[in-house]
Amino acid sequence: MRIDVEYLEKTSKQLYSRIKDMEEDLKSDKVFKIWRRQYGERTNLGSREQLGKILFDVLGHECLHRTPTGRPKMDATTMGAIDEPFVKTFVEMEQLKKIKNTFLSGIQKQTCDGFIHPSFNLHTVQTYRSSSDSPNFQNFPIRDRKAGELIRRCFIPRDGHRIVEIDYTGLEVRIAACYHKDPTMLEYIKDESKDMHRDMAAECFKCEPEQVSKELRYCGKNMFVFPQFYGDFYVNNARALWESIDAMNHEVDGVPMKEHLQQNGIHELGLCEPQEKPRPGTFEKHLQQVEKRFWNERFPTYDKWKKEWYRKYLKQGGFNTLTGFKIEGLLGRNDVINYPVQGSAFHCLLWSLIQLNKWLVKNKKRTKIVGQIHDSIVSDVHEDELDEFLQVAKTIMTQKIRNKFKWINVPLDVEAEITPINGSWFEKKEVEIK
DNA sequence: CACTGGAGCCAC
DNA sequence: AAACGTGGCTCCAGTG
């Protein structure tokens with residue numbers, strides 16, 4: 001993939017001086033003086049462990065969270081709760097360092113004559129998914145808009161081209177359905193007016209589906225539905241959803257969420273200790289019931305499949321994926337449920353990518369596929385070939401694949417995003433494929 | 001100096 | 001009974 005080398009160098013320098021400035025600010029802070037007195041020559045502004053000692057042992061802040069090995073937890077969320085300007089700047093500086101040292105310099109090191117050539121491994125991942133390295137093409141920031149911009153501006157198409165990204169929508173959920181064939185899930189997938197995440201958000205927050213805002217849906221999806229699919233349980237769901245209420249200022253028809261829940265008999269989060277039985281009137285108790293209904297009433301066939309699939313694994317010591325690969329060895333319960341879905345979902349993407357590439361080569365197109373991110377294909381597309389490329393890709397990914405893999409019993413769908421001609425990856429915008 | 005585990009953080 | 005799946009990369013701290 002082509003790299004904007006000039007932009008990369010310029011941005012790297014800018015970040016360097018921003019980080020230097022922040023370092024100077026920190027060094028003139030009284031907290032640093034104490035740090036310095038404590039550690040002398042060994043003082044290291046990049047050491048969270050040292051900072052933890054200063055905050056908790058010297059300055060008397062209370063350490064509320066620890067890592068599994070018993071050290072003070074010093075991640076961004078935990079530090080965010082510490083009321084100390086020094087810590088705030090420290091966290092911001094660490095974020096900038098991540099962007100510069102991991103992503104920008106990673107790209108820089110691997111750039112050769114203006115292009116990166118990441119490796120895409122097909123033989124290293126337990127689940128038969130892929131991985132990528134040197135640089136890792138599959139984890140460039142996008143959720144944090146600022147970080148996403150700084151980094152994705154590095155990626156540009158060749159002259160007269162656009163970057164085109166085509167994603168499968170909800171691929172893993174659909175492939176899971178090919179395994180368990182739960183009728184309610186099949187309906188959710190087939191009927192576009194239905195929306196599982198909206199419905200579950202409504203249950204979690206005790207409101208009507210029509211009252212579910214974009215933010216509530218997001219939380220229902222990422223703090224209940226997906227964690228449940230991966231094998232999480234209600235205590236963690238309750239904690240995450242409860243935290244989101246204040247963090248995101250949730251409301252139902254203009255009523256603050258906590259007030260809304262009060263009106264519906266929920267007065268507190270609850271202890272959230274797995275040993276203890278959840279008490280009535282707590283959010284935790286409510287989520288326990290939501291979980292129970294989710295598996296027993298809404299998706300009982302899915303639930304049965306999980307139990308049966310795991311039982312079979314225990315008996316046979318392994319299983320085959322729908323794409324014909326064998327998975328064996330010592331696996332946990334969640335692994336047994338998740339591996340076949342992840343692997344087969346990726347194989348759908350991989351098969352499509354291979355067919356699309358064959359078509360490009362056979363027809364001597366100037367367009368090239370430049371990367372892949374588990375359920376999406378990234379290409380460098382010549383302007384004259386754009387429309388045809390989008391249509392061929394969509395046909396392969398949603399139609400032809402179903403002739404190849406007869407076990408796919410659900411419709412597949414794709415979404416496409418394109419950049420302006422000569423525009424960077426950051427500038428991608430969604431387009432219709434007619 | 002090489003190596004390793006822990007911790008953290010980015011993506012799907 | 002158990003309790004979030006898959007990766008890669010960087011930095012720190014400790015070891016030999």
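Here is how names work: the chains are called A, B, and so on, in the same order as the sequence lines, proteins then strands, and each is numbered from 1. Heavy-atom basis, side chains included; hydrogens, waters and symmetry copies ignored. What you are looking at is a predicted structure, and each value in this text was computed from that prediction instead of being measured.
A:S376 comes within 4.0 angstrom of nothing in the nucleic acid, heavy atoms only. Within 4.0 Å (heavy atoms only), A:N338 reaches sugar-phosphate atoms of the nucleic acid but no base atom. Using a 4.0 Å heavy-atom cutoff across all strands shown, A:K73 reaches sugar-phosphate atoms only and no base atom. Among the atoms of the strands shown, only primed sugar atoms or phosphate atoms (P, OP1, OP2) are found under 4.0 Å from some heavy atom of A:I142. Residue-level contact check: A:F103 touches the backbone only, with heavy atoms under 4.0 Å from sugar-phosphate atoms and none from bases. Among the protein residues, A:G106 comes within range of no part of the nucleic acid, since none of its heavy atoms lies under 4.0 Å from any strand. Counting non-hydrogen atoms under 4.0 angstrom, A:F140 reaches the backbone sugars and phosphates but no base. Across all strands, A:P141 comes closer than 4.0 Å only to sugar-phosphate atoms, never to a base (heavy-atom distances). Here A:K100 lies out of heavy-atom contact (under 4.0 Å) with every strand. Among the atoms of the strands shown, none is found under 4.0 Å from any heavy atom of A:E94. Among the atoms of the strands shown, only primed sugar atoms or phosphate atoms (P, OP1, OP2) are found under 4.0 Å from some heavy atom of A:A76. As judged by a 4.0 angstrom heavy-atom cut-off over every strand, A:Y339 is placed among residues touching the sugar-phosphate backbone only.
For the 3.5 Å distance criterion, the side chains of A:D232 and A:N236 qualify, holding a donor opposite an acceptor. In this structure, a donor-acceptor pair under 3.5 Å is absent between the side chains of A:H250 and A:E215.
Not a single donor-acceptor contact under 3.5 angstrom links the side-chain atoms of A:R48 to the base of C:dC12. Counting distance only, with no hydrogens placed and no angle test, the side-chain atoms of A:Q342 and the base atoms of C:dG5 include a donor-acceptor pair under 3.5 Å.
Candidate nucleotides C:dC4, C:dG8, C:dA13 were compared by shortest atom distance to the side chain of A:Y230, and C:dC4 ranks first. Comparing C:dG8, C:dT6, C:dC4 by their nearest atom to the side chain of A:Q126 picks out C:dT6. Each of C:dA3, C:dG8, C:dA13 was ranked by its minimum atom distance to the side chain of A:N44; first place goes to C:dA13. Checking B:dC12, C:dC9, C:dT6 against every side-chain atom of A:I373, the shortest atom distance belongs to B:dC12. Here the side chain of A:N101 is nearest to one of C:dC4, C:dC11, C:dA13, namely C:dC11.
Minimum interatomic distance between A:D182 and A:T301 (heavy atoms only, all atoms of both residues): OD2-N, 3.0 Å.
Checking A:F426, A:F115, A:F140, A:F103 one by one against A:F155, the ring pair (Phe, Tyr, Trp, His ring centres under 6.0 Å) holds for a single residue, A:F140.
Remark: A:K306 qualifies as a cation-pi partner of A:W295 under the 6.0 Å distance and 45° angle criteria applied to the six-membered ring.
Rounded to an integer number of Å, the gap from A:R42 CZ to C:dA13 C1' is 10 Å.
Where A:R333 and A:S134 each meet DNA chain C at their nearest nucleotide, the meeting point lying more 5' is that of A:R333.
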